[in-house]
Amino acid sequence: MKNKVAITGNEAVAQAMKQINPDVVAAYPITPQTEVVQIFSSFVSNGQVDTEFVTVESEHSAMSATIGASAAGARAMTATSSQGLALMFEMVYIASSLRLPIVFPVVNRALSGPINIHCDHSDAMGIKDAGVIQLFCENAQEAYDNMIQAVRIAEHPDVLLPVSVNLDGFITSHALDVLEVLDDETVKNFVGTYQPEEYLLDAENPVTMGTLDLYDFYFEHKRQQVAAMEAAKKVIEEVGREYEAISGRKYGLIDAYKLDDADMAVVVLNSAAGSAKGVVDELREKGLKVGVLKPRVFRPFPFEAIQDALKGVKAVAVLDRAETFSTLGGPMFADVRTALYDLKNDIKVVNYVYGLGGRDLRLEDVEKVYDDLANIIKTGRADKFVNYLGLRE
Amino acid sequence: MTPFNRNFGQGKRTKAVRPDMNWEEITKAGNVYEPGNANTYETGDWRTIRPVWNKDRCIHCLICWRYCPDASIIATDGKFDSFDYKHCKGCGICANVCPVHAIDMFSEDEMDRQKEAKRNEE
Ligand code: SF4
Ligand code: SF4
């Protein structure tokens, strides 16, 4: 039965968590994530879930307690944003290297300073090399759907890695959206009962976790994490197909929008992809061959799918909502450009850093990007690799 | 050859880990599936000073046994027996707490040099 509701992105995430009914949630409030754990804690106090809710004194402890719970054998979650994720940083590496299938929404927000509470992806990009699977959500519907799928992806025996579910702070987290939620039973059956293969509370089969590794085997264990990331690509697609069967909504590694015959493409994560799609619709009416590629997964980086989707285009603009200060543009630019480097078609790839600290991406901005791309195709040259969109210049 | 800790070449090896394992064979996340396995990890080679027992002075009070942080004093039948030099890291606590000064600490370097000198003499 279709069940449409009008809720915010944060409510959608909390709703998904309610239906997943994890064993343990340890969390600390931080804007703009606060609502997620606040709403979820009311589910706990109302007895709508039987989750053990651990109120901790910081995000470092939130991730630590989640790691402890997960290692003990529980299906465990936390949630965070911005500075909170930065404070968790050390423990995020522990979670991924211990191969714990922790799911944690990250409501994207700029990292200070200057102090800022609004959306950009500098928090998420800070853990892009931490061995965590990163799903990105265009809107509240995707936030809800990705949360549910994240559990299955994380717990798959070939994967066993933490999964972070990213949604744009305030833009997605606080705006009211109409979305479809599944009924409790369907979600319950989809996520299933968590049966960890090995866990600390298994008295019959003692196990030591978090061992000292030094140069003996540290390298080998990192290689295992890479293999898990590699395996995750297939698992993400499989889980996406299964999810489509119960929801009717399609999920893969990327979302290719009108790219089949496109000459120009914009690559962009999260909510800005929605704006870009709107612009594409308008430009298509004018006869321009334009498209949007929205990576749903940023880690593991789905470079094969991206190569495949972009191999026919002539010029690509990668929109990054984060800086790297490398002076060579944003983090996604580097990855997309590398992915396209070996294609023979000589695709021009340029970068636009946009929306830092919550600055709006206006439709005119996206139009300008397509304008620039058209120019690049016409002249055969891209004068500047790195551009700033919506900046006072 | 891939470098690995000297420990793998010494004491008993754990069931979980062997030095010839490649990344696909090694246990996930370095998990160890054997209880009490710290015993097989020999920390004695960290030692720079070594406790040496003076049999004649010892009154077998076993205060040293209680204080040793590495459980490296072996007592048999309620009496001081020996040091477990594979795990004794040479902190000197035992020598410090012994009420009758029956434990002396010697430099490992010095002992090595003496041994060397003795070998050269022969
Ligand atoms: S503390 Fe000294 S006297 Fe007592 S058992 Fe140990 S070595 Fe012997
Ligand atoms: S030196 Fe330290 S570790 Fe060694 S036996 Fe004495 S107390 Fe134990």
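Residue numbers begin at 1 in each chain, while the letters A, B, ... track the order of the sequences.
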When A:Lys222, A:Gln225, A:Met209 are compared by non-hydrogen pairs under 4.5 Å with chain B, the top option: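 Most heavy-atom pairs under 4.5 Å with chain B: A:Met209.
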Under 4.5 Å from any heavy atom of chain B - which part of A:Glu198: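 For A:Glu198, side-chain heavy atoms alone lie under 4.5 Å from chain B.
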Nearest heavy-atom neighbours spanning B:Ile26 and A:His221: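 Heavy-atom minimum between the residues: CG1-NE2, 3.5 Å.
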For the student: nearest non-hydrogen atoms of B:Lys28 and A:Gln224, plus distance: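 Answer, listing the atom of B:Lys28 first, then A:Gln224: CA-OE1, 3.6 Å.
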Atom [atom1] of [X]: over 12 foreign heavy atoms under 6.0 Å:
X: B:His60; atom1: NE2; value: yes
X: A:Glu52; atom1: CD; value: no
X: B:Glu110; atom1: CD; value: yes

A:Thr211 side-chain N/O to B:Asn31 backbone N/O, donor-acceptor pair under 3.5 Å: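 Side chain of A:Thr211 to backbone of B:Asn31: no pair is present.
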Separation of A:Arg223 CZ from B:Trp23 CH2 (nearest 0.5 Å):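 Output value for this atom pair is 4.0 Å.
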Contacts with chain B made by residues 75-99 of chain A (heavy-atom distance under 4.5 Å), listed by residue number: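 Against chain B, the residues of residues 75-99 of chain A that fall inside the cut-off (heavy atoms, under 4.5 Å) are A:Ser97, A:Leu98, A:Arg99.
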